[in-house]
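Here the structure is laid out as structure tokens; the discussion comes afterwards.
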Amino acid sequence: MTAPALLSVRGVVKRFPGVTALGGVDFDVRAGEVHCLLGQNGAGKSTLIKVLSGAHRPDEGEIRWRGEVVSFSGPTAAMRSGVAAIYQELDLVAGLSVADNVFLGHELSTAGFTHRSEARRRTRALLDRLGHPDISPDRDVGRLSVAHQQIVSMARALSLDGQLLIMDEPSAVLDPDEVRVLFGIIRELTAQGVAVVYISHRLAEIREIGDRVTVLKDGRTVATGLDAREVRTPELIGMMTGRVLENVFPQRKPVDPAAPEVLCVRGLTDGDRFAEVDLTVHAGEVVGLAGLVGSGRSEILETIYGARKSAGGTVEVDGRRLRRGSVGAAVRAGMGLCPEERKSQGLLLDQAVYRNITVSSLSAFASFGFLDDRAERDRARGLTEALDVRPAGVERVVRGLSGGNQQKVVLARWLLRECRVLLLDEPTRGVDVGARSEIYELVRELADSGVAVVIVSSEVEEVLGLADRVLVVREGRVVHEGPADEIDESRVLDLVMEGHAA
Amino acid sequence: MSEDTAAAVAKEKAPAVKESGLSALLGSAAGRNTGLVVALVLLCLGGVVTAGDRFADVDNLLTILRLAAVIGVVSVGMTFVITGGGIDLSVGAIVALSSVWATTLATQGLANDIHWIVIVLTALLVGGACGLVNGVLIAYGKVVAFIATLASLAAARGLAEIISNRKTQIVNVPGFTAFFDASVLGVPVLVVIFAVVAAGGWVLLNRTTFGRRTFAVGGNPEAARLAGIDVRRHTVMLYSLLGLCCGLAAVMLIARTTTGSATHGGLYELDAIAAVVIGGTLLTGGRGTIAGTVFGVLIFTTLSNVFTLNNLSISAQAVAKGAIIVVAVLLQQRLARRSGA
Amino acid sequence: MSEDTAAAVAKEKAPAVKESGLSALLGSAAGRNTGLVVALVLLCLGGVVTAGDRFADVDNLLTILRLAAVIGVVSVGMTFVITGGGIDLSVGAIVALSSVWATTLATQGLANDIHWIVIVLTALLVGGACGLVNGVLIAYGKVVAFIATLASLAAARGLAEIISNRKTQIVNVPGFTAFFDASVLGVPVLVVIFAVVAAGGWVLLNRTTFGRRTFAVGGNPEAARLAGIDVRRHTVMLYSLLGLCCGLAAVMLIARTTTGSATHGGLYELDAIAAVVIGGTLLTGGRGTIAGTVFGVLIFTTLSNVFTLNNLSISAQAVAKGAIIVVAVLLQQRLARRSGA
Amino acid sequence: GNTPQDTGGGNQGGGVRVANDEPGEKVVIGFSAPAADHGWMAAITNAAKAEAGKYSDVELRVVEGTNDVNLQISQVETFINDKVDAIVLLPFDGAALTPVALKAMKAGITVINVDREFDSPFAARSTVLGDNYGMGVSAGTYVCEKLNGKSDAVVAEIAGIDSLPLTQDRSKGFADALSGCGLKVSNRVAAEFTVESGERAAANLLQAAPKIDAIWNHDDDQGVGVAAAVKNSGRGEFFMVGGAGSANVMREIQADNGPHKATVIYPSTQGADGIRLARLAVQNKSLGDLVEVEVPRQVQLYAPVVTKDNVDRYLPTAFES
Ligand SMILES: Nc1ncnc2c1ncn2[C@@H]1O[C@H](COP(=O)(O)OP(=O)(O)OP(=O)(O)O)[C@@H](O)[C@H]1O
Ligand SMILES: Nc1ncnc2c1ncn2[C@@H]1O[C@H](COP(=O)(O)OP(=O)(O)OP(=O)(O)O)[C@@H](O)[C@H]1O
Ligand SMILES: O[C@@H]1[C@H](O)[C@H](O)CO[C@H]1O
Ligand SMILES: [Mg+2]
Ligand SMILES: [Mg+2]
């Protein structure tokens, strides 16, 4: 490929108060290619995206678009030039319909009056193209699952008809099936000459869809223009993290068959999304729930945790039955939940990292209700160091952290509490390769110390690699249960999709 | 592409209009506002039972509507600001200042010399300008809306007092009074104005890009910015719009009372916000309904009408009002939940 | 693990306390509130320049503090509710109702027979109960705080009027008056109470689990819930706390005026919310500062005092007040931004 | 000059020139009143200012009008700190301001209480009062006369701010006078002394009572709104009596083209009287036409009924609301 660069970036610098997010980024994007951006959590990928799409103004550096130096005055200017972006933080407006969100800012209108049916029709077409005839253009976006919101974001980006499409971790919330559809569309677009900048922490995806790779580390380009199919994995990881990682999934210890049942769920039903779920987790065991997006796994976890009221069934921890619909009771009994949507369900975005970590363990730091602030910070510091949260500093406000680092903060909260039962819903979503193996490591250590772990993940590989036992959930029912080493990825996918028009 | 669109639009316009016609509008509004409708109906039933014909009389219903009109216009404007994530405490003061400015001897002189429309234009201009100042302070000065408009409240009332020398200014412009005292097919002009503003507000909020963007700015300003919306400019427009509504309300109040006064519009901020919020608009922004606001206004005005018809003591009225508000809201919630909205 | 923690806590307690001592407290409070401090200092300078010794006189400063005390206590309570994501419009009405209930003939009779503390307890009880009702309506009834407390406002004022038969009730309990009229080392008891409430509020908000949970509940209620906090119970506690503050404020107002009255506490809701918000507490919840609130209250009361000393025209005062509020906020923002906070 | 300067305000304070007007020692007077949220209250302050302006030996300090008793108390405290010679105080709530007035008196400051009465005789050197009960009686008596024995007459009342004791006094006087001729109030609403509230209350009242013979409205500023509502309703079967005595209403009475046929005066010149009394008391002068050596303890103003026949006499001192 010797086509001239569609976009060329030189020496871009972006600073935030106290942090230099980008310290000199160079890379080129050619028409018709899929250019992948790789880097650890906090490396600056999302910031770069925002600079390119006009959402941030760079402090230094030069951006050339079709050979001319440009300085986008805002997102509108970028969109007009043909740059469309899907942001990591799913910036949609709850309360507006799907169609309204798709055309927000570039509404179809005459003299200010919107053409609603036309917008609906086009949205319908875009959603169909994305393999989602099930999403209604009239639905309130706030009521959609994250996965479906991601689809809407993609529809929105497609509706802009851009020459450059930037996607910041689009696959994080999608299941394999949907990723396949997404890749189909990317291929379609690149064939028409559209350039795609693609961000993902999943190296397999990069190999499958990418043409060239640029690696960022601490806000700088460490390598650019690498061939996505040729470059070797250890080399990539080395460039991203500066160290060599092997053996992503930790060694499993066989579960002691005599270990006590810590979590025991019987006939759990919510009367809507799932029914008759039985689940037993022994001390030291990791149980994985596999299933498609929307299969009801999150609801199952939330109901076990008491965050939703069940319609029937029981939940016991260490043989003691929990009150229905009471998170307090679950937490007191030693349960912890890492929710699926970290931003809306997990984090106190405007508060310090340490406060986010200790919020569920406050009484451990208090005597007569008075907190020992310093002890809190120290414990939190220990955990953030162990999880390699970057930038370091427990006083930092969580909002300023990158997506993956935010995820680690939520994890740290429950690590601190030392639960009896830990429910993890997509714990590695948006987490980089390095930190991922650290999280796997931690989960394993917790299990080995006697904690009962339930993990939901859309990455089958992760479920199989981490769990001792696997449950496959389809449309709210458990359709398979068995040891993880007796089943392989394709079998799980078959079970997951059975009866699903794939 | 835009030609495509135009064609497609042309083709689909007819059915679209049919679907979004009056009955659909009423249907959907009623659906989402079941609780409010029920509350209003119960209130009216209460009126009929306790006051009989005196309540159900056309004159009385027109009286309720006329009373609702002034605060109604302000509330429609307030719906936009709140939906857009803001709040405005200065509306009453803006009404006062506009009413005073539009009825100074100088303005009335001009009105008599030129045309009574001068009074209307002055009030709209003053109201719009106040709104503009609020908007600029909030959007560009980054002063929290609550504080910025609280400051405007103090300043506008003070200014109104200075201009009027704290006297009630009586209007002596015959054309003006005649126009606003008239009726159109039996409906008082003030009520017609309210209806037009409400309908216009509904269209603006639900059928235009301005409205869509208002939801976005209020619901998720960052997303709105990323979508290319100029959030600050939009915010200024929202407050200016509300300011215009206040100016219009001032005109209506001048017509109703035949006066301009620095004491006009007392506590309108609370009344308007209450009507908007009880109507179902979220105080945190991003969700708003004009129909709900209109119901909210009607509930409050009907309530005081029924109380007066029953000769209830003011204290008992207050207690009953508190209780009824809570019941109305609980009703609205239960019914809205049931209908899955 | 909890033993580990406990041990760690015990070990580290001493230095932690040292660091969080008075100087650190003042330092950090001043740091975060630079703009407010500057605004207050400028205001005082203005006072000294225009009124000289009449302003800088001890008696005058005590007058300012005494004025600040009543609304100050309410504002401290309001800081909790707003930080916790709520709002309370009924505070003035609760003050009125508490003041009336605590000064009925019956209560005063008991107070004369038993001890004047009966008056205090009655006011606290009534205030706390009102807060509890608000909290329950909001947390369990799921009525929007704005509407729930607006309803309480109406109901509590109405009730106060009914109980007092709209007459000002005069207090004739010598012990009560004597106690609250006294001074401690030259500082009036009312001011001492305010200081204690502010200090207690600061500790509660910044140094206890209750305070920390308040931030969490206000910052992201869903996340707080999933983190195991009983958000509804906490909400009820927040409103009850504010209710108690209102009860206490009622006691202070009774002491100051020797009366209970249904008209007491008019518009305290606006004053308190304004002080809290100008102090830097976010109206959307999740961020709150007691020190800021105290500065907010002092700014408003000093402003009134300086105006009083200067014999400014009343209307001009209002205009100036508006302008000064805006300037104070802009100042606070610029200075806060510079210090990176 | 040693004569009171004409402020050009014209109609405030008829004031005859007497020897008392000769300038004496300088008197600093603090003045505090409730918020000027309605015409009468604004007029009170305007009249006080105008009166003070007439005397070269009076320095008047007017503070922000407020309905927060706490703030008003602190204003008086500031006056005490400032060691003013006299305080003219129209308290938002008489009882609530009593302690601080007592404090002022103890500090040797001459306190003149206006309109709303303190609950201790020691809290003021002198009190200038309107006659609220008497106002009701005057209005009621006039209504009785006008209705002339019509026993089934419908009488309505539009009160002012209902939580004020003075409103209750007025209503009581009105009811007492009506019962004298066998009538009673059949419909009663309360407004807030403002034009707008008067219009609103009246609009509802007119619906509540399909047929009315007489209406008494407590306050003429709100009366402007009441008149607008009446005009709007097209009703004219009744006559109206006003209250307080604003120039606007008196002009209507004079023109005899609106519902207002009479009004009962509640002088807004009380504030001005307060200033004069304060000055005299501080300067140890006596009240001109009285034999007394001292300023009297209490002056209660008369509440006459103004009708077409005598309106010319009252119009010049009526307040422009
Ligand atoms: N608005 C902001 N304010 C302050 N710091 C910020 C802000 N946005 C990003 N940063 C900082 O900039 C750095 C880069 O963040 P960015 O979100 O670009 O990382 P990323 O590569 O996208 O990481 P991830 O893979 O976790 O999404 C981080 O250190 C982050 O803390
Ligand atoms: N096919 C669907 N039909 C209806 N609702 C759906 C569907 N798919 C997703 N949803 C919505 O998505 C939400 C999330 O679904 P759920 O939590 O059960 O998915 P999951 O199995 O946990 O998948 P994920 O891994 O994406 O969280 C549901 O509450 C539901 O509202
Ligand atoms: O405030 C009231 C009213 O204005 C009334 O009209 C006269 O008496 C005053 O005290
Ligand atoms: Mg990112
Ligand atoms: Mg899920």
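Sequence lines set the chain letters: A, B, ... in the order given, protein chains first and strands last, and positions in each chain run from 1.
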Problem - side chain to side chain donor-acceptor pair (under 3.5 Å) against D:Y133, all qualifying residues, sequence neighbours excluded - result: D:D176
Would you mind checking chain D against chain B for donor-acceptor pairs under 3.5 Å and listing them?
| residue | atom | partner | partner atom | Å |
| --- | --- | --- | --- | --- |
| D:S186 | O | B:N311 | ND2 | 2.8 |
| D:R188 | N | B:N311 | OD1 | 3.1 |
| D:E196 | OE1 | B:G265 | N | 2.6 |
| D:E196 | OE2 | B:Y268 | OH | 2.1 |
| D:E199 | OE1 | B:R256 | NE | 2.9 |
| D:E199 | OE1 | B:R256 | NH2 | 2.3 |
| D:E199 | OE2 | B:R256 | NE | 3.3 |
| D:E199 | OE2 | B:R256 | NH2 | 2.9 |
| D:N204 | OD1 | B:N305 | ND2 | 2.7 |
| D:Q207 | OE1 | B:N60 | N | 3.2 |
| D:Q207 | NE2 | B:T63 | OG1 | 2.8 |
| D:A208 | O | B:R54 | NH1 | 2.3 |
| D:D221 | OD1 | B:T168 | OG1 | 2.8 |
| D:K231 | NZ | B:D181 | OD2 | 3.4 |
| D:N232 | OD1 | B:R66 | NH1 | 3.2 |
| D:S321 | O | B:T168 | N | 2.7 |

Exercise for the section: Using non-hydrogen atoms and a 4.5 Å limit, figure out which bit of D:V189 sits close to chain B: side chain, backbone, both or neither. Expected result: side chain
